[in-house]
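Working notes, beginning with the structure itself.
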Amino acid sequence: MEMEKVYNPQAIEGDLYREWEESGAFTAHRVEGKKPFTIVMPPPNITGQLHMGHAMDCTLQDALIRYHRMKGDPTLWLPGTDHAAIATEVKIVEAMAKEGLTKESLGREKFLERAWQWKKDYGGRIVHQQRRMGVSCDWSRERFTMDEGCSKAVRETFCRLYEKGLMYRGARMVNWCPCCQTSISDAEVEYKEQDSHFWHLLYPVKETGEMLELATTRPETMLGDTAVAINAEDPRYAHLHGCHVLLPLIDKEIPIVCDEHADMTKGTGVVKITPAHDPNDFEVGQRHNLPLVRVFTDDGHMTGAADKAENDELFASGKAAVGEPTVLDCGKYAGMTTLEARKAIVSDLEALGLVKKIEPLKHEVGTCYRCHTTIEPMVSKQWFVDMKPVTIPAIEAVKSGKTKFVPERFTKNYMNWMENIRDWCVSRQLWWGHRIPVWYCDDCGEMMVLREDPTCCTKCGSTHIHQDEDVLDTWFSSALWPFSTLGWPDQTEDLKYFYPTDVLVTGYDIITFWVSRMITTGVEEMGETPFHTVLIHGLVRDALGRKMSKSLGNGVDPLEIIDQYGADALRTSLVMGVSPGNDMRFSTDKVESARNFANKIWNASRFVLMNLGDTAEPMEGKTFSAADKWILTRLDDTIREVTAHFEDYDLGLAAQKIYDFAWNEFCDWYIELSKVTMNGEDQDARRATCAVLRHVLISLLKLLHPFMPFITDAVYRYIPDTEGTIMLSSWPVQDAALVFPEAAREMEGVMDVIRAVRNLRAEMNVAVGKRAHLMVRPKEGWTHAMAGAEEYLKRMAWVSEMKLLGDGEAAEGKTVSAVSEAAELFIPLGDLVDIDKEIARLTKERDSVARDIQRAEGKLGNQGFLAKAPAQLVEQEKEKLAVNRDKLAKLDARIDDLKNM
RNA sequence: GGGGUCGUAGCUCAGCUGGUCAGAGCGCCACGUUGACAUCGUGGAGGUCGUAGGUUCGAGCCCUAUCGACCCCACCA
């Protein structure tokens, strides 16, 4: 089959991927006695579609996976998707709203049916998109965080934590989203600066009648105040210890308490305490045994009589325990939103003259990371994980180096989070997620935490039982991902063989959410950290450096890019030259240049294949040309460098090296040089070069395959005597028999001469097509190399005829000249040469060489340098000096000659 | 308040444990239809590596300070 002149990715990608997948090439196999290489894919949310972040994420993973597969490791890349509890539920509710439906109107069961349908639709879509990227993961092992196995793992973990006393239920302060109507974890709160005010309020002291001034940013919470705090050391208020204030508007008597939370240096030193609606106040409340009074409903309105009645009933029935908040009937404010209540309360207080002043203030307000609604801190009954005990071994795992972050600096992020860990609120008031495996007996009040669904109360046998309404935080199941996906809690063969996995690839933005929790649960449940390396990458930003987001509308759809430029080009543009952990800007310019690179590879391959015909010339028994030896040596260097970069996870540099080798050395130099032999008469030499062209091309394609899987495999199949797919071929290794340092050095010298001639011609404005005579006077030791360079010079530097001059032999006629490392060059240009101009040009070069000499002499004249610098470096410097001195002498002589003409 | 990142050619960025590191891509200028490739080739211009000190024989690369852009965590009655 003939190769097209221009590489067309659309023509091959789809078929190639299908073939890979159907052939089972992605499937992992356990090979006893061989150490596997395993990556568990961070599961994308089923909410949306693939974005550039995913594209980068899976490109990095796929590159690592393909590299290891070619190295011969039993390789597993396990894919999957995440149910993304709150994110998905929000989407589904939005979609339902368009049909005029609500969760409540639908009911839990019907809602979940919809959710599963959603999963089917969108989960499938994202997986299709990943395939377009060329990911070589083992689809036969694909998992979902809510599939049977993962759910079992979740339940097991919950029960174990409970049994160890690390999972508890308690009334605690949570971040409440009135819009999503659920609690969210601290990590899910986004702080945003907002314009607001400081309201300075006056509370009358009952005993003394004086007015206590205090400031608040949330006056609407005042009805829930159950104390006012002052600092015990504060002399201003020493006389108020043990006194009370009358809470304005409702004339409720509340105590003045002394607490360290009241900071004498801030404001008036007086703080109102609303234990039910502020985290700090909650703490104060605990210390002073203050009642908790709720004034907000779950959906962000002021509580009223009905709410109070409902709450009272709970207490009466004994279902609400001591320590839970009571509810206030806010009277005229009942039913208002918190913002409406703020206005109303402030204006009523103003009417009473109880607002001393209002000052403007910018402050950070917590918002929900999903819907961006302002978070209301609220006391509510939730399930928490006691994190401190499980965190200690997880910190140790990183400290001891069992898990390393790449780049290392992200270790600090991890440590900072872990060392200041707080209890993790894991219950969510949602329907989509893993239901909390806890049942309550309606008759005896027994609480049951169970691995299997019960039919009756385990204590009293009553069948009047109900399950906890809440589900678990989505990160709870994510935390188990590295082993739940391998079959845990069952001791499966996969689990035994592939756990612990090797590398986790993810963005720095979820180190706290996810990475820390995987390490924690991995160490806790499996006794072993889930991966030895965490490879952190940055965010993909838009061309202007902004985060890609829906609201900005600056997101780029990876699929559109693939349609236009091909998956290989997209992948390459996302990794090449990108340094680990740093954000990158995405631009179509980059994709375009990657696309051009693909085309370059395609055409270089075409050239090779046109010359090979149908024969696969072997490397054995050949006599290689100087150029052959040079490219083989350079290939060896490149294999070493690229492999080293893969081992260091520095994929950006690995890709860059391959690019440079392919384009600058293989295409620009070797292919051009090879034309000399390919068009020559010497059949042996021709066969040798054919062998080298084929060998280097194959090696290059292999090195490139992890980044550009499609084009490399497509081309590989055209090459005579290759079998199967390149993805299952072997990674190139260095071969001492194919390294020729001396020959390579000579070739570099010749290349330098070629550059010098091109340079001369360009400066003299000699048209490329116009051939020129060349006289070459080799320097000492270069005669042999230069004598063999004639054909190269003819082809590469448009020389018509080359004449070798002996040592000291003068060039005839008017010439322009140059001095390179290997030789002096003269090109006769007849009367075209302006002698003064030529002198000026040479003088400029001479001065530059003189500067180099000066620098080298300075260095070598420095005792410190001679004494402390490595000997090799000193030697190198001396050589360089000698070469330059020679060059300077030649230039001076030449300038003299010209002046005498 | 604690921690971190970035500031290198017009633009986007690479530069490994300090010693050919002053680089690449894009852009720009000049020339070019040499049968792999114009998604190309050849040549060229452009930077005292934010600023000021310091360590060192030697510093984009280490230290200190400073300016500028940004991120994370904690907190702000």
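Values below: every heavy atom of this structure, side chains too, minus hydrogens, waters and symmetry copies. So that the names make sense, note that chain A is the first sequence line, chain B the second, and so on, each numbered from 1.
With sequence neighbours left out, the side-chain hydrogen bond (donor to acceptor under 3.5 Å, both in side chains) criterion links K356(A) to E213(A). Looking at residues two or more places apart in sequence or on another chain, you find a salt bridge (charged side-chain N to carboxylate O under 4.0 Å, His left out) between D637(A) and R634(A), R640(A).
Within the 4.5 Å cutoff, the side chain of F707(A) has no heavy atoms near those of the R571(A) side chain. By the 4.5 Å heavy-atom criterion applied to side chains, M52(A) and R541(A) are not counted as neighbours. Considering only heavy atoms from C-beta on, H277(A) stays 4.5 Å or farther from P377(A) through its side chain. Under the 4.5 Å side-chain criterion, counting only non-hydrogen atoms from C-beta, R795(A) is in contact with N679(A). The side-chain heavy atoms of V757(A) and R761(A), taken from C-beta on, include a pair separated by under 4.5 Å.
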Q: Might you work through the side-chain hydrogen bond (donor to acceptor under 3.5 Å, both in side chains) test for K590(A) and T572(A), ending with a clear yes or no?
A: CA-CA 9 Å; K590(A) 282 181 188 163; T572(A) 304; over 6 Å; no

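For E359(A), the CD atom counts as densely surrounded, since its 6.0 Å shell holds more than 12 non-hydrogen atoms of other residues, nucleotides or ligands. Within a 6.0 Å radius of NZ in K404(A), no more than 12 heavy atoms belonging to other residues, nucleotides or ligands are found.
The base-pairing partner of C61(B), taking Watson-Crick or G-U wobble contacts with both distances under 3.5 Å, does not exist among the strands shown. The nucleotide U56(B) finds no pairing partner, because no Watson-Crick or G-U wobble arrangement with both distances shorter than 3.5 Å includes it. Pair assignment for C11(B): G25(B), on the basis of Watson-Crick or G-U wobble contacts that are both within less than 3.5 Å. Nucleotide C75(B) is matched to nothing when pairs are restricted to Watson-Crick or G-U wobble geometry with both distances under 3.5 angstrom. Across the strands present, U17(B) finds no partner; the criterion is a Watson-Crick or G-U wobble pair with both atom distances under 3.5 angstrom. As the counterpart of G32(B), C40(B) is assigned, both hydrogen-bonding distances of the Watson-Crick or G-U wobble pattern falling under 3.5 Å. When Watson-Crick and G-U wobble pairs are counted only if both distances are under 3.5 Å, U5(B) pairs with A69(B).
Of all the residues in residues 409-423 of chain A, R409(A), K412(A), R422(A) reach under 4.0 Å from RNA chain B with at least one non-hydrogen atom.
Proximity of a side-chain donor or acceptor of Q10(A) to a complementary backbone N or O of D563(A) within less than 3.5 Å is detected. Listed for the N231(A) side chain is a donor-acceptor partner under 3.5 Å among the backbone atoms of A262(A). Side-chain atoms of W669(A) do not come within 3.5 Å of backbone N or O of A627(A) as any donor-acceptor pair. Under the 3.5 Å distance criterion, the side-chain polar atoms of D234(A) are left unmatched by any main-chain donor or acceptor of I230(A).
Across the protein-nucleic acid pair, D542(A) atom CG and U12(B) atom P stand 12 Å apart, rounded to whole Å. Here the P atom of nucleotide A77(B) and the CD atom of E220(A) are 12 Å apart, to the nearest Å. A straight line from CZ of F607(A) to P of U34(B) spans 15 Å, rounded to a whole angstrom. Rounded to an integer number of Å, the gap from R761(A) CZ to G32(B) C1' is 11 Å. In this structure, the CZ atom of R606(A) is 13 Å from the C1' atom of A38(B), given to the nearest Å. For R755(A) and G44(B), the CZ to P distance is 10 Å, given to the nearest whole Å. The interatomic distance linking L760(A) (CG) with G44(B) (C1') rounds to 14 Å, in whole Å. Remark: P of C70(B) and CG of L539(A) are 16 Å apart, rounded to the nearest angstrom.
The P atoms of G60(B) and A52(B) are separated by 13 Å, rounded to the nearest whole Å. A gap of 31 Å separates the C1' atoms of U56(B) and A69(B), to the nearest Å. Taking the P atoms as reference points, G1(B) lies 28 Å from U8(B), given to the whole Å. Taking atom P on both nucleotides, A9(B) is separated from C13(B) by 12 Å, rounded to a whole Å. Atom C1' of G4(B) sits at a distance of 44 Å from the matching atom of G43(B), rounded to the whole Å. The same atom, C1', is picked in U17(B) and in C61(B); the two are 11 Å apart, to the nearest Å. Taking atom C1' in both U64(B) and C11(B), one finds a spacing of 33 Å when rounded to whole Å. Taking the P atoms as reference points, A59(B) lies 15 Å from U51(B), given to the whole Å.
For C13(B), the OP1/OP2 oxygens have no side-chain nitrogen or oxygen of N582(A) closer than 4.0 Å. The side chain of K600(A) places an N or O atom within less than 4.0 Å of a non-bridging phosphate oxygen (OP1 or OP2) of G41(B). Dashed line: the shortest gap from a side-chain N or O of S579(A) to OP1 or OP2 of A14(B) is under 4.0 Å. Of the side-chain N and O atoms in R585(A), one or more sit less than 4.0 angstrom from OP1 or OP2 of C13(B).
Contact between V355(A) and L201(A) at its shortest, heavy atoms only, is CG2-CD2, 4.1 Å. Taking each heavy atom of M708(A) and A594(A) in turn, the nearest pair found is CE-O, 3.8 Å.
The base of A36(B) sits within donor-acceptor range of the side chain of E672(A), with an N or O pair under 3.5 Å. Residue K5(A) places no side-chain atom within donor-acceptor reach of the base of C37(B), judged by atom type and a 3.5 Å distance cut-off alone.
Applying the 90° criterion around 0 to the glycosidic angle, G18(B) comes out anti. In this entry the base of G58(B) is anti relative to its sugar, with a glycosidic angle more than 90° from 0.
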Listing time: all N or O pairs from protein to nucleotides 16-18 of chain B that are below 3.5 Å?
none

Provide a list of protein-nucleic acid N or O atom pairs under 3.5 angstrom, restricted to nucleotides 55-62 of chain B.
from   : atom 1 : to      : atom 2 : distance (Å)
C57(B) : OP1    : K868(A) : NZ     : 2.2
C57(B) : O2'    : N862(A) : ND2    : 2.6

Can you pull every protein N or O that's under 3.5 Å from an N or O on nucleotides 23-26 of chain B?
from   : atom 1 : to      : atom 2 : distance (Å)
G25(B) : O2'    : S593(A) : OG     : 3.4

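Here the nucleotide nearest the side chain of A262(A), chosen from A77(B), C37(B), G41(B), is A77(B). If you check A36(B), A77(B), U39(B) against the side chain of R595(A), the one that comes closest is U39(B). Among U20(B), C37(B), A77(B), the nucleotide with an atom closest to any side-chain atom of Q876(A) is U20(B). Closest contact between the side chain of W798(A) and the listed nucleotides G19(B), U42(B), G43(B) involves U42(B).
For R218(A) and W199(A), the positive end is not near the middle of the six-membered ring at less than 6.0 Å and at most 45° from its axis.
Summary of the strand contacts: A762(A) and M264(A) both lie near RNA chain B, and taking for each the nucleotide with the nearest heavy atom, the more 5' one is attributed to A762(A). With RNA chain B read from its 5' end, the first of the two nearest nucleotides for P580(A) and R795(A) is the one closest to P580(A).
Ring centers of F661(A) and F597(A): at least 6.0 Å apart, outside the cut-off.
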